[in-house]
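Below: the structure, in C-alpha cells.
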Amino acid sequence: MQEQFPRQFLLDMKRIQGVNLLHFMIWVCLIPPIPLFVLSYFLESQDPLTLIISANQKTWLSLAFVSYISTLIAFAIWSWLLRSHPAAAVTPFALLIPVVGIITSSIILDEKLQTIEIIWLCADYGWAYMQLLI
C-alpha cells in the first residue's frame, strides 16, 4: 500500500497537466491553518488570538516570507522547471534546499556553522551532484 501511493500520486499529477499548479498550491494552503490553529490552542496556548495580536513586525515579516516567498514563489518556479525539463534532471536539486537554507540563514543571521553542519552540507551537496551524474 505504501509503495503504491507515490506511484499513484505521480500518475494523478500527470493527468492534471493542464492545471495551474500555483493556483492549486494556493487552494491547498487554505486548509492547514484551521487544524494547526486548533492544535495550537490545545498544545501551546489557551489564548492564541492574544499571541497573534501581540506579534511584532519581525514575526509578521517572517510569516510573509515563509508563506509567500518560500512557498508560493518557490513552488511556482519548481512547477515551471518540472514543466520545462525532465523530472529526472530537476528533482536532484530538491536535495539542495537544506544547503541553500542553512547557508542563507547563516549569512543573514550572522551565525557560525559548526563543523558537523559543514560536513553534512558537503555530503548533501555531493549526494545531489551524484544524482545528476547518474
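None of the values given here were measured: they were computed from a predicted structure. By convention here, the first residue in the shown sequence is residue 1.
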- request: Count the heavy atoms belonging to other residues, nucleotides or ligands that lie under 6.0 Å from CD of Q57, then report whether that count exceeds 12.
  value: no
Where F37 and I52 come nearest, the two heavy atoms and their spacing: CE1-CD1, 3.9 Å
task: For residues S105 and I102, report the shortest heavy-atom separation together with the two atoms involved.
output: OG-O, 3.0 Å
- request: Following the transitive rule for hydrophobic clusters with a side-chain heavy-atom cut-off under 4.5 Å over Ile, Leu, Val, Met, Phe, Trp and Tyr, establish whether V90 and W80 coincide in one cluster.
  value: yes
task: Flag yes if more than 12 heavy atoms outside W78 fall under 6.0 Å of its CH2 atom; otherwise flag no.
output: yes
message: Nearest 0.5 angstrom please: E111 CD to L109 CG, how far?
response: 5.0 Å
statement: Closest heavy-atom pair, K112 versus E117, reported as atoms and distance to 0.1 Å, is O-OE1, 4.5 Å
task: Would you name the heavy atoms of L121 and P98 that are closest together and state the gap between them?
output: CD2-O, 4.2 Å
query: Do you know the tightest heavy-atom contact between Y125 and V99?
result: N-CG2, 4.3 Å
query: Should F65 and I77 be regarded as members of a common hydrophobic cluster, given that ILVMFWY residues are connected when their side-chain heavy atoms come within less than 4.5 Å of each other, either directly or indirectly?
result: yes
field: Straight-line distance of I103 CD1 to I118 CD1, nearest 0.5 Å
entry: 9.0 Å
Check: G101 main-chain N/O paired with T104 side-chain donor or acceptor under 3.5 Å: no
query: So if you build clusters from Ile, Leu, Val, Met, Phe, Trp, Tyr with side-chain heavy-atom gaps below 4.5 Å, do I73 and L82 land together?
result: yes
